[in-house]
Structure formats: C-alpha cells, structure tokens
Amino acid sequence: MASAADCGGKPLQNAMKMAKVAIQLDGGSKHKEAYCEYLRTINYISHALLEEAAPQQEREVVVVVVEVERMLRLAEQCLERAKSFIEKSADPLDLSAAASCSPAQSEPHQTTDLPVATAADTGTSPTKTGHRRSVSDGGGEPPPFLPPDVFQKLQTEESHDTSKKELTPIEQASRLNQKLKANYEARLARLPPGQANQKTSLKLSLQRQMMENLIIAKARQDALQRKMEERRLRLQEEANRRFSASGAMTAEEQEQRSLYTNVLEYEQDHDWPKLWKANMEGNPEDVTLVSRLVSYLLSRSDHPVVKLLRKHQYRVYNRLYPIVSKGRSRALLLRPAPPPETQRRSLSTVSFSTGLASPPSRDFHADSDEEGEEPHTQASVDRENSFEDLEQFLTQLDWTPPDGSAEDAVSESEPTCDPSTLSEVQGQEMRALKEHLKATVKDIHIAIDQLLSLCLLSFECLNTSSSKDLCLASIEEAFFTPLWSALLTLFRKVNMEREQAFETSMTLYQDASPGDIGVPLKLFPQEPDALQGSYPYESAVQELKLLLNDCCPQKKLECIVRTLRVICACAEDYRCLHEGDSAHRTAAIGADDLLPILSYVALRSQCPQLLSECAALEEFIHEGYLIGEEGYCLTSLQSALAYVESLHSAAAPPPEDKLG
Amino acid sequence: MAAGGAGGNSGKTYSFKVVLLGEGCVGKTSLVLRYCENKFNDKHITTLQASFLTKKLNITGKRVNLAIWDTAGQERFHALGPIYYRDSNGAILVYDITDEDSFQKVKNWVKELRKMLGNEICLCIVGNKVDLDKDRHVSVEEAESYSESVGAKHYHTSAKLNKGIEELFLDLCKRMMETAQAEERLKGNGASQSASSRRGVQIVDDEPQATPAGGCCSSG
C-alpha cells in the first residue's frame, strides 16, 4: 500500500493540476493555450506512466493499477478535448500557429514543473522503491544505461541508412493526400474573406479526392498482400522440403523453418545474396571473401539474420536493463533493514527494485503475494467512484494517500534493526542475481547458436569449419558490442566481493616490486637506471589495460594473449640484461615464472573489473579456443587474478616457494 | 582451430590437452622444450615460450594436435589448479629422482586429478634427471609400483640427455587416442566408426626421431 500511494499518487495529482489549468483556459475561451496545455498534460502522463511501467514487475503494476487507469482516462479525456479543437476550428491556420508555438512554450514549462513534482515526491516518502529514487535522481545526470526501447531504436537506426524502405500503396496515398491538403489550405488562404460557398466546394472536392486515393490504394494493397501471401506459402513449402518435414516438430524447428522462409522471401526481393553466392563459388581460395560477405550481410538491416540479431539483442538488453540501471538501488539495500513486522514489505520492494524475473524462493513469492493483496482491496474502494469526466478528477485534486501515517511509522522504526536480516536479504539478492546471470548467459548462447545456424542456412557456402569460425566471430562482434557494458555490469554485481578483495590487495601492494610477488630476481632489473623511469613489465600492464576498451569476447581474448606474449618478451630481455647475450635457450619461461609475473602485471593494472571481465570471457569463449593458446592465457590470467585477490588475506606474499 | 576436444570425423584430427604438473625444480620446462624443439631451426622460440606449447603429430595416419599446458608448481597458485586441468585428456606428472619431496607432491596431484577428472584422464608419472642416477632418492621399484597402483604409467627421462622423452609423449598420445576411440564407440556414431575400427588400433611406430616432419613444432 505504501508503494501504491507512492507510485501513483503524485504523478496523478500533478496531471490533474495540469488538466485543471487546461480546463480553466478552455472555459476562458483561450483555445490556443488550452490546446497546448492539454497536449502538455498528455505528454506528462505518458512520460510518468512510461517511467513507471518500463522496468517494473507486473505485480507492482497491479498494485497501482487504479492510478494507472485514472491517468490513462485523464489522458484520453485531454486527447478528446484537444481533438475537439481541431474539429471546431474554423481557421486551420490559427491552429497550426498554436501548435507551432507549443514546443517553445512547453519546454520551460516542463522543466519547471516536472522536477518540482519529483522533488515533492522524494520529500514526503522515505520508503520508496529504488525505481522512484532513480527517477528523481535522473534529473541531474544522464542515466548510464538507455531504456530498452531507446536502445532498440538506436540499434535499428544504426543500420537504417543502408536500406531505404519502399512505401506501401497506403503510405503513398497518404503522402499524396497530405500534398492535396496542403494545396487546399494554400488555396483557402488566398481566398478573399466571406466566400463561404467557395470554401465548402473546395473542401468537398478535397475530401472526394482524398477518399478516392485511399480506396485505390486499399485495393492495390490488398492485391499486393494476396500476392505476398501466395508467395509466402510457396516459399514455406520450399522451406519444408529443405527441412524434410516428417513427424513431430519441436518449437525450435518450427521457428527455424519460419525464419528460413523469411530468408527465401528476402532473396526473392534482393539480388545481392545470389551475386555473393556466385562470387564465393567463383573464388573459393579468397579467404577475405567470407568476412566481407558476413559484414555485408550484417549491414543489411532488413535481412532476416539482422532482424533476428536485433530481436535477440533487444531481448537480452531488456533482461539486463532492470538490474544494471539500478546501480543506485544498492544504497537502498545497504540501509538497515526494517524490523520484522515491516520486513516482508521491504523484501518485496527489494525484489522489485532489482527487477528480477523470479524471486529466489517460494516463501518469498508467497509473501509478496500477500503484500499485493492488501493495497489492492484498499485501492478498489477508490475504484467504486468511477469518474465519468474530467471534472470529477479535479474534485479529487486534494486527495491524499490514505496510508501516509503507516509510512511514517515504517521510517521511524527503521534504524532499530539487527544486521543479520540485512545480510539475509543481501544473500537472497545475490542468489537471485546469480540465477539471473546464468539465465542471461544461457539466452545469449541460444541466441548466438540460432543466429549462426540461420546465417549458415542463408549462405550454405559458409558451412565449412574455417568459414563457420569467421562467421561466428563476425556475429559475436555484432552481437556483443552494444551489449557488453550492460552485461559486464551484471557480472560485476555478482563478483562485487571478489573485486573488493582485489582492490584491498591492490592498495596494500601498491608499491610492491616484482620480487615481492615472487618473480625470480633474474627476471626483472633491480637497478632503476635500467628501467628509464618506468617500472618492470610496464608494456604488459599497458597492453592488459586495453582489454577494457574492447567490446567483444574474441578481441578481449586476443588482448590477453598479446599481454602474455609481451610478458614473455620482456622476461627474455630482462634475463639477457642479467646473463649477457649468451642466454641459453633451454631456460625459457615456464608457468612457474609466468604466473608470478602475470600476478604482478595484474596488480599494477589496478583494474579490479578484470575479474568480472574474465568471468564473462570464460562463459563466452568458444569451445575450440578453450584448449588452445587463448584458453591457456585466459586460465593463467584468472589464476593470477585469484592470487592477487587472496594476497591481502595472506598478509605477506609467501616466500617459502622454491622459485625455478 | 578445430572445434571440439577429441574426435572429429573420418578425416580425423584429434585435439588433446595435456597438463604438465610438477614442482619448481624438477625440470618440466626443459622436458617439454626438448620435446617441442625444432631441430631444424635453432633460433626457434615460441611466443609463450615453455608455458604453452603445441605439437602436431601423425600417428597411424591420424592427425593429432597436442596442446601442452604448463602449470605453476608453487603451492600458492594451487587454488586455481582445477581450472587448468579441466577438460584435460592427459597429465604428465614430473618429479626429480634426486628429490623425494617432489615425488610426494606427485602423489598429491594424482589424488586431486582422480578426484576431479575420474578415470578419463591418462596419467604419466615421470622420473626426470636420470642422468643424476648416482644421487637417486626415489627408488625405481617404489615409483613403478605406486604408478601401477593408481593406474598411471611410469617413465624415466633425462631432459639433459634427451632420453625417454619422445617415447613418453608418443605413448601418451596413443593411450589418449584409445580412450577417445573407446568413448566414440560408447557414443556409437556408426558411420565413422566402421572406418576407424577397420583400420584398427594397431599402431605402427612413427619413428619420430627419423621423421621430424611428423613432429614439427608450431608456435601455439
């Protein structure tokens, strides 16, 4: 019930205030201003609702459903009023002037109005969800992660310029009609005043023309659709033959088949796939052709492979967003937990604020169910007064949350709680985060498998083991690049404690020499002169830091391999300094030397997030690379990082080991 | 890089991962370098030197890619040991015949490997530095009977004299191939199976010393 008052009450009241202003203007026959004010109200409502709805759980939406309903109805009524202006308006020029003035007016209006609303919000209720908090915080600084719908839009826009869509007949007709209307308006404006007769005839002829255009377009559209339908059926049969339809199909097979139908359909409309296929057949030795084909394919935003890619990216991002965008909700969780009687509610708040798909335990689930019950009945009392029109909203303008006092009680008793419940909540949250991480990783694997197989279905010529690897690499790069930072944020949340341990070691061993970490003396220069102002293995440290800049697992792995190679080269150089040029080759660097050096390099990098990066890489490294050089280097780095992590608890680096 | 661990289809390339375990001074680095050394290129140094090496072999007409993973012998890096041996097909556990302690360490590793990987993994226990036989502290009988008791094979090598090393690796490869083939049979992939069983597992010695082309070293 706290959340009901919290989430719905304030925006609703603000919206009602705005609507009231509009109605007053409306009543005072200030049409232009009233029109703008109605639009502003709608704008505010949709903004507020969007903020509420996007990252939240269904359950909580149920809680505030009454408020949402009211807001929507208010918006509807404002829209009705706004529409009525257009219909009433005798002079269209007048209105267009009003519309054009509105953005300029509304801009300062909004910036003054909205923050006030949210500021008032923060002031009154201390037990708000993390979400509300982030909304009010969001005013000052830009949020680090884009909301999923914006993310999706950006993703599609990115590749949009490469393909111009053809207009459908209906779209063409509506363009034509817009032109007609503009002509009509221009003619009307030229008309001397008082010629009502002329006006009507012009208007009638416009309407007739527009109608005709639409009817023709509709007929063309229908014909086209029938044709497309027939073609689709034909292609579907082709796809069925390809998959040798027999027996029961799994849902995945069915999905793949329909995707393949889309590919066939695409190929009917576009020539480039055929040309590329011929090109590939003609030049089987040209290895660059594969990468070029795949990157060309990925640039065609209307190709089914790319559409599928965007779909999966959006899905994954949607999964990540509620969690990674709530960096600030940590603060909420770290506050002392409320005492037992209110604990239940705060538990459910916690789970919502992290936006997890599944509460970690059954009991937990039941609790939040109970919680949901109460405000619902509470709210349904309000629902009884069904409001028929705008005026009735306004009578409720001074409506206050009925449970404001309960909220106060909660906030007062909050500090008196024991820390054990806190760690319990955190433990539960961590378990849920880990579950979420696992599910996300699985989704990504499925998505990439599906993308690769659709890619290979579309271009059979890619189905050789080497081309397949290249193809996969390109797909992964396209897939991961926009997602990595969000994905890493989730990994960092899960690995927070490890990163903190790493950081502690980092500060403790800030000035450690390689020898302190167990690097044999012969493998680094002791005299500072030899280093010319830097420190040993600096080039390897620089190389390792570059890993954070890459956005796809393959590139990151390559960076780790380069780091280890640089280490080996440096070690070789340093040994030559000690032994002169006659260094015998048999004394090459083995793991006994490599790991201490790598630990030193990891320590000097001062990047605790390397732990999370490696944890993520471990999930996404290809099987084929796992036993190769990439796998070895990743394993070594993980081992070194774990050693650094453990350094601070070991007080001093153990010198007891025999060093090769 | 060929995907997947052991196996593949009739063109067959086996990819095996071998971990190298042993205390700091037992000479595992020299051992593996000796094995992968390119006799025709003196200047040859791999990019990761002795820590990670690959070798391509041809055994009874089948291609084998070996990836040899060196591990750190120091106690303090052992916490992460399991992520090194994961998915290994074979392990080479090296001790110094003049150092009783290094043999005890080998016993610990055997226990851990069996615990983590079961009987899938082919174990080789290697007494290195046989050129120093006069200082021997681990008796041949003890080492061999222990090895037998844990299902491992025992070898004697000298990295210094280049003794016993080729035999060790060749033997290990054959055993890993047998294990992989047995696994395939269990899985029962029919078509490719008939071909491989017709050829049989009769292994003609590759004579690696005489045919260096089969044992060229690739920089991993």
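All values below were derived from every heavy atom in this structure, side-chain atoms included, with hydrogens, water molecules and symmetry-related copies excluded.
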Which pair of non-hydrogen atoms, one from R76(B) and one from Y643(A), has the smallest distance, and what is that distance? NH1-OH, 2.9 Å
Given 3.5 Å as the limit, does a donor-acceptor pair link the side chain of D592(A) with the main chain of G73(B), or not? yes
CG on L48(B) to CZ on R565(A), rounded to 0.5 Å: 6.0 Å
Rounded to the nearest 0.5 Å, the NE2 atom of H78(B) sits from the OG atom of S639(A) at a distance of 9.5 Å
Between Q49(B) and the options I589(A), L564(A), I567(A), D593(A), the side chain to side chain contact (heavy atoms under 4.5 Å, CB included) test singles out I589(A)
Given a strict heavy-atom distance threshold of 4.5 Å, which part of S636(A) is in contact with chain B: side chain, backbone, both, or neither? both
Looking at H445(A), I want to see if its NE2 is surrounded by more than 12 non-hydrogen atoms of other residues, nucleotides or ligands under 6.0 Å. yes
Kindly check if the number of other-residue, nucleotide or ligand heavy atoms within 6.0 Å of NZ (K107(B)) is above 12? yes
How long is the straight-line distance from NZ of K17(B) back to OH of Y632(A), given to the nearest 0.5 Å? 10.0 Å
Report which part of E618(A) has an atom under 4.5 Å of a heavy atom belonging to chain B: side chain, backbone, both, or neither. side chain
Working to the nearest 0.5 angstrom, can you tell me the gap between S51(B) OG and I597(A) CD1? 9.5 Å
With heavy-atom distances below 4.5 Å as the criterion, would you say the side chains of Q74(B) and P596(A) are in contact? yes
Whatever's closer than 4.5 Å to a heavy atom in chain B on L594(A) counts as side chain
Could you state the interatomic distance from CZ (R86(B)) to OG1 (T635(A)), rounded to the nearest 0.5 Å? 5.5 Å
Between F16(B) and I627(A), is there a side-chain heavy-atom distance shorter than 4.5 Å? no
Could you give the distance from CG (L595(A)) to CZ (F77(B)), rounded to the nearest 0.5 Å? 5.0 Å
